[in-house]
Every structure is written in C-alpha cells, then in structure tokens.
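Read through the structure below, which is laid out as structure tokens, and then see the notes.
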Amino acid sequence: MSAKSVSSTIRPFQLRGHARPLTHVRFNNDGDLLMTTCKEGTSLLWSSYTGELLGSYEGHGGVVWSFDFTSDSRKIITASGDMTSRLWDTETGKELHMISAPSTVSDASFSVGNKMFFIVTVNNMNQHSSIVIYDATSFELINRIELPRDLRFTCALWADCNTRIIASLSDHTIVSYNVRTGETTGQATTAHKDTITDMQMSHDGTYFITSSRDMTAKIFDIHELSQIRVYTTDSPLNSASIDNIKGHIFLGGGQDASQVTTTHARSGKFETRIYHEALAEELGRVRGHFGPINTLHVSPQGTHFATGGEDGFVRLHEFDQNYHDFKIEFDENFEPSADVN
Amino acid sequence: MSADTLALSELQLHSINLDEKFQNVVVIYNTPVVTQEKYDRLMQIITLKVLSNIDYIKGTLEMPKTYVDGSTEEFTTKGFCFVAFDNADKAADAVKKLDGTAFSATITFSAILMSDVPKYANLPDEFVPPEIYPLIPNEEKRSWLLDSRHRDQYAVHFDEINSIRVCWAGEEPEQCAFRNNWVDSEFKWSSKGTYLGTGHSQGVALWCGSNWTRFRYAHPKIYGFEFSPNDNYLVTYSFESIIIWECSTGEALRTFTPSATGSTNVLRFSHDDRYVARATSAGLQIYEIANNEITLLNKKIYTVDRLADFAWSPTDNMLAYWVPESGNSPACVSLLNVPRLTVARTKSLFNVSHCVLVWHPDGDFLAVRIDRSGKVALKIAANIEVFFIRERQIPVESLEIPDNVVNFAWEPKGSRFVLVRGVATYTIDIYNVDAKARTSIQKLKSLERKSHRSISWSPRGQFVVFGSLRIMPTESAPGTFEIWNTHDLELVHNSSHDQASHLLWDPSGRYFASVVSIRDGSNSENGFRIYDFKGKILHSEKHSMVHRFAWRPRPASLLNEEQRAGVMKNMRKFAQEFRRQDEARGSRAKTELLTRRYNSLVEWNRFREAAIARSEEDHDRRVALLGFDPSQVQEAPVTVQMEFIIEERTTVLPKN
C-alpha cells in the first residue's frame, strides 16, 4: 500500500530563532502567521509562507509556556513562568496589559469572539492550580475554578460557545466545567493512563484531540466527553493536532528529555506521525528533529504544519501536491459482502 | 552475642550431614536379638562366618544394646550392628556381598550404607500411585505437520519474563502459541519436533500436540537435557545423576551416576533409539534399550584403551571412535558395528594432536578432521580423512591441508563439503567427493580472503551460508554473511545483521534466520530476521532480549524416491496451485482490510453527522458571540508581497 508516501516529499523551513527547547507553536486563524515560544522567554512571530522572522515580543522574565491569538490576530496573550500573563499588540509588539498571578501561568486562551480569556495557573509556590476567567476588555475577574492542592490542570479549552471549559488534570482525567458557576458538567475518568500533554479543538468545535505520555492520542466528543478514536503509537506523545481539511491527525513526541542523550536520533522516535483521522491508521512519518517534539500545530487552512522540538528548532512544513492528492485506498462504492467477518 | 546464640552457632558448626559422613559405615539388619550370655558367641560367629572374607577395619564391629533397667550387666541386643570400612567404595562393595546373606535357616541379613539410612527412613508411609500420562495419538502429536499451508514453525524465547512465542513462518508470521514464564532455563525442540521441552528448576516439562499438553519429568537441579533421535527418550543431566526417561509414559528407565570428568557423561543414542552409549576411561559403555529396560550390551564394557571420543552414524548402527597417540602406538580411528561389536575398519594416524569425527548426514561418508602436531614448531597443518562407508571394505582417502582448519561441514543430501582454513582471514574451499572418480576428493572452488568462518548448509543441500558470526561471547561480530549456490558455484546474495551469533535454516530449506541474542553476550539490539533462501528479508523482530531462537524440526519425509520424482515432474502444476492459493489469500486479506475501513468510516461519519447537527442548533449563539456569521464569510484571497534579491551587481559606468 502506498500509505507511507503521504509524507515522502514534504520539505521544511528550519526556523532558527530560539536557543532553548520550544514550548508552543501555533498558527493564527488565517494561517499566515506562526508564533513560537521557548523556555528562554522569547516569543517570535514568523511568516508562514516565507519563513521570515517578522518580530518578537519582549518583556517576560521567564519561560513562556503558552499563548493564544485573538480570532482577528490583532492581539496575543502569553502565559509565562514569571507568574504573569501579558496581552500584546500583534503588529507593534507593544505590551498592552499585564496580569499577575500567584504562581506560574501555564496556559492562556481567548474565548470565541474574544470577549473573555482564561489563564491557567499551576500548583507550585504553595498555591492551588486554577483556571481564572477574565473579561478581555475590562480585565475584571469573571470566575475562578480551583483544584485541590495535589492536583494540577495540564491543558484547557473553551468549548460549547464559551459556556464550558474542558480541562485535563494531572490525574490523567478530563473534566468539563460550567464557566459561570464553576460546576463540573462532565468527566472522563479513564481518559489516559499517563500525563495528558496537549489538547486541541477541531475547527467546528465539536470534538477535540488529546495526546498523552501513555503513547496514545484520543479524540473525545465535547458534550459527553466520550472517546471516539484512539491512535496508538510506540512513543510518549507531547502534542497532537488535527488537519480538518484532509481529515488527518498529526502526532509528535519522543522519549523523555532526560533519556534523550542515551538514544540514537533514529531510535528515539522523534518523528511526526500522520494518522488517518477516521480509520486510525498510520499514513506516514516526517523526520527531522534531533530531540523529542514538544509541540506541533497544523494551520487551520490545512496548508502548513509546524513542529517545535526539545532541540530548539522549529520546522515549518508546507504541504506539497503529493500530500494534497493523497487518498487512502478505499473504493467509494465498496460494500462489505456478507461472508466476510 | 549472647550465650544462647553462641551455643547454637557452635552446634550448627558441628552438625553432621549424614550424606557426607558415614559413607564408609554399613548397617547390618536382622541380626538375632540375644541377651548378655550369648552376646560374645554371636559376635564371634558374625566375625568368623559373615565378615571373614570382607575387608573391614578390624574391631569396628559394633552391636547396640538395650540395658535392662538399672543394670550395667544385663542387656539384649537391638537386632542390628555397624561395621566400618576404609573408604566408601569398600563399604559399597561390602553392601553388595552382605545384603541377603543367609545367617541361618530362618535369618537372612540385609545391609545398607549408613548414609542411605535417611533415604529409607524418609520414605512416605502411603503408596502414591505414579502420575499416569495421557495417551496422545501419533496424529495429534504430529498435528503441526498437517498445516493446510505446509508452513514450518519456530519458537523464540525472549524478554525478562521468559516468554516463549511459537509462530508459523511465512511472509507474515502467525502466532500459534504464546506464554509468559513458560521456561526457567532454556527450551529445546525434540530431535523430530514432537515435543517442546522447557527446563525448570524442578525438572523438565515437555509440551506436545495442538493443545500443548504438558508432561513433567521431575529431576531437581538439572543443568541440561537432551532428546534421543526418534523422540522416544529424554535424558536429563544434574550433577548428582543422569536419568533416561521414556517421553510418552514419564517412566525413568535408568539412572546413571556421572563421573567426575564432564565430557564422558554425555549419553549418545544410535539413530534408531535402540542403543545408547557413553565413553568412560575404561572404554565404551554401550547399552541396549529393549522392553523399557536399559541393559549393558553383552553385560560388559567394550574395552578401548585411552578412548578419546566417539560418534554414532546418523543412519546405521555403527559408531566411530578415536584413540590418541601414546608412546610408540599410533593414534587410530575405528568403525565399530553394533551390536556385533566387530570393527569394520581401523586406520592408524601419526602426529595427531586432535581429531574431530564428522559424519555425513546420510551416513555415506565419515570425515575425520585431524589437527597435526607438527614436529617442526609453529607449522600448522591438518588432514581430512574421508571414509567411504558405502564402498566395499570402506576405502579411506586422505586430503592434506597445509593450513589451520577452523571449520568443516558436509552438504546434506549431496556429496560436497566445505572447509574453512586460515588464521584471522580465511579461505573457504568447496570440495566434491566421489568414490568412483579418479581423484575421489576434488576441489571445486576456493573463496579467498574472507572473514566468514561459520558454515550453515541448507538442509536440502546446494545452498550454503557463510557468516562471520559471534562465536566467543566477548568478541564483536560484523554479522555479515554470504549465500552461495554450490551447484553453480555462484554468490547468490550478501548481507549483514550486526552482532548476529546464529544463522539457522528451517527444516524445509525455504527460509533461514539470523539471530542476535543476549545468551551469546550481545547487549546491542537483540532480535531476529527471517530470510528466504535468496536472502530477501521476510520478517524482522526486535526485543529487549532474545535468549534463543529455534526452528521446529520435522521427521523425515515419508515419500519414497518414486513419489518424490513424481512431485518434481509435476512441479509446475503444484506451483500453479500454490500461487493461486497465495493470490486468494492476498485478495481475502485485502477485502478484510477494506471491510474494516468501511465499518470504521461508517461509524465515524455517524459521529460527525450527529455532532454537526448538534452544532447547527448553536448556530445563532455562535453568530452572536462572533458578531458575524462564519458560514457567510467569503474567504478573502491572501495577498503576500515578497521581495527576493536575486543578484547584486556593481557596474562601473564609463566616464564620459
């Protein structure tokens, strides 16, 4: 079967701007901008089409863990280990506002329509891990969802027209909360067997994908948090993204950073794996990183994908004709005959 | 340390192990119970009459007494006595003589070694019937041969938890059996493949039939086990005893005591399982196996002075043995017919440092590889003596090799052999033997400057694989190998499997495997690969550790020459049929895949339709949140301005 050829000719830009492991890479809504952050604290903005460095956002005094664009790409919110979350003007790079938190901010995200945003704090410095929801114009606190001391939020998403927030917890479960009341509205207790490292929403907001150190990625429905698909791999996963146009899943990961020096790049499994979304069959792999892939994202238009590695490199890939033409062997008119079971 | 514990540890220090001490003391039972009046007379009679021709230590005859209460004079004897000997051997001899001696018309003595007392004392009081082994019909025992696709099996012992997996070989191996903790030490297939034997600390378990029925053979602390050539008998070795078992009933037929030197302990069966022999310092012990009894042939050892080694013919009841040089008498190799014990041929040899006896798998030839101890120092040379077994009077042809021979192997089902010679880099010679030809041993080809020294012949002959494999655990191996067709004398393929230690052909000669295993000291990537006979990789597996890989052997084909010729003649027809079956299987696999994909997709679409329908209901809410209707927005064309500097050029304009 020609499945492996899906990735054979994809050629990347290697973006060299960071000196430390990457933490987050995301395209904006239009797919023309790529932002990357790393453990050094620098946030860089690139052109998706040319790989050109457009600018940087200076100000954080520690690692930038995550960020989000507004849907019109005019503003960016960043989450940092310096216990602040900052709002930036995308075009000028000016800092618009700063929110101080009692502990490390690990995630930040705008709601649909950009009227609200939340920040996620972790449970260090004797603090509880929490999701704090703010009004995006007045910066007034709307609600605060707090966990017991021994638990931590690892990832969070806006869901169901901003009425809910779906979050993964450090006990490998997934919980959904009502934004206004903070009540638990749903729970997937056996979601994964190890730390959930990433959650990304589908373009229409009806399902999301999770990646985990337990070597699987899973698709869940946002309403019942029921498991729809499982993608099983042979390496711990750090990130998972959906190409909604082709119906493909992109997975990245690799062995723990502490063990990386003992393994060969080939056997460390530092490849991006491409799976068929509906069939959960592996279609191909893209090599290139020398360390685990920490984060990856497919542009909303399905034209590019970017990976950020522990090795400090960002690889920006433009899908070629071969990828767009790829079709898994499947007869449209195929009808299963009765005698095959 | 308190006084109590000190006393205890002292006691332990002086505790007596009956097994080790008192091996030179014999206990005689059934002596008459007498009082003090007759005691001296009894002692006298026993000394004179019973012990007169026994070599015991004088004055050690001791008869325990029971004293009458409060008296030091009146007693009765207890009815047994002790006698001491110089050593354990003398005591053992005395037991044979004394046991069953008639003392009077009514009294018969019995005697045992003092060290055996605990053995008899600990006998259970109740009779426990031995486990009766289920009878497994031969068809069931050989069920794996009835595979509809005529595939061969292999077994791998891998990982920390001692898993064994048995698989059907082929383009895509199919698992037949799998179990964790299936074995403690090592596994082995029986010689004809009937049983899978697994070694455990308590003994050996054999597994057989399609359900892998288990048979157990309890022999604690074994260090190894072997099967007879026809799968009838199992031999288990421990440092205390060697036991021959009948596989089907689980009956221990005979127990042997191992001698001090290891090599002479090995029991070797004749090709038909009728005789079993071992080498001792006095000569050959050849035992006949008949009616579940193993008896020494002619009730005596076949005396051979200085016997070094022997080997049974793989097809006849004949064995070859060799004797090293001693003083003026030369070394010699002899062929012995069993059970008549007549020597069929003897050949004397000079300047021999070592001999290796290599039988042809069909028993047609015997090659004796002789390493010369040249009188001139540092001159290494070897000889190959070929015995033509099927010819009248068994002629012997000799081949001089002025080099160091490192390996030698006969071609199965053919008349070729291969020898590897040299030091560090090797030369591989391919020879043919033909008794009728003028030069009965003819060199066909020499392959020079090779690093390969291992030889693996295909079991069907013709093809041979030369490999540079890890032989010593400490060395590192490139794992390169070459496949040669010895009929056309051409190289078929060369390849490598880094650190490989074994190249193993399956019994049909269709496939071979290269194995990297932890048992041979390889810490790098353990695993195995299966190739077809042309060297194409069909399957490859990696594990954290591989202990052992083994193909399941097959019994000899039941087809006679005519039937085989018939098959060869109709080969095209058979091939067509097999090809058709392969294609059918291929299309069935494809249909299965398409069905699986179809069902998967149907399920996914059902989920998507429901999700989209639900999201439609939220359409108005979403429009309110966004401030526009995302479904109405036209994708604006993206305009990107790009500027590429293609070239920079400086041109100096001419002055006007």
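All figures in this text were calculated on a predicted structure; none of them were measured in a lab. Throughout, a chain's letter reflects where its sequence line sits, starting with A, and its residues are numbered from 1.
Neither the backbone nor the side chain of A:Ile222 comes within less than 4.5 Å of any heavy atom of chain B. Both the backbone and the side chain of A:Asp160 come within contact range of chain B, judged by heavy atoms closer than 4.5 Å.
At a heavy-atom cut-off of under 4.5 Å, chain A is reached by B:Phe607, B:Arg608, B:Ala611, B:Ile612, B:Arg614, B:Ser615 from residues 606-617 of chain B, listed in order of number.
Counting non-hydrogen atoms of neighbouring residues, nucleotides and ligands closer than 6.0 angstrom, the CD atom of B:Gln175 exceeds 12 such neighbours. Around the CD atom of B:Glu172, the shell of radius 6.0 Å holds no more than 12 heavy atoms that belong to other residues, nucleotides or ligands. Within a 6.0 Å sphere centred on NZ of A:Lys246, other residues, nucleotides and ligands contribute more than 12 heavy atoms. Within 6.0 Å of the CD atom in A:Glu91, the count of heavy atoms belonging to other residues, nucleotides or ligands does not exceed 12. Within a 6.0 Å sphere centred on CZ of A:Arg74, heavy atoms belonging to other residues, nucleotides or ligands number 12 at most.
Among A:Gly113, A:Ser202, A:Gly205, A:Cys161, the residue making the largest number of heavy-atom pairs under 4.5 Å with chain B is A:Cys161.
Residues passing the ring pair (Phe, Tyr, Trp, His ring centres under 6.0 Å) test with B:His543, sequence neighbours excluded: B:Phe158.
Nearest heavy atom pair, residue A:Thr163 against residue B:Arg621, reads CG2-NH2, 3.1 Å. Heavy atoms only, all atoms of each residue included: A:Ala278 and B:Leu601 are closest at CB-CD1, 3.6 Å. Of all the heavy atoms in A:Lys115 and B:Leu625, the pair that sits closest is NZ-O, 3.6 Å.
Note that the CG atom of B:Asp618 and the CG atom of A:Asp204 stand 11.0 Å from one another [nearest 0.5 Å]. The line from OG of B:Ser600 to NE2 of A:His276 is 9.0 Å long, rounded to the nearest 0.5 Å.
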**OP:** Please assess A:Ile228 against B:Trp604 for the test side-chain contact (heavy atoms from CB on, under 4.5 Å), listing each intermediate value before the final yes or no.
**Re:** CA-CA 8 Å; A:Ile228 307 296; B:Trp604 174 258; 3.7 Å; yes
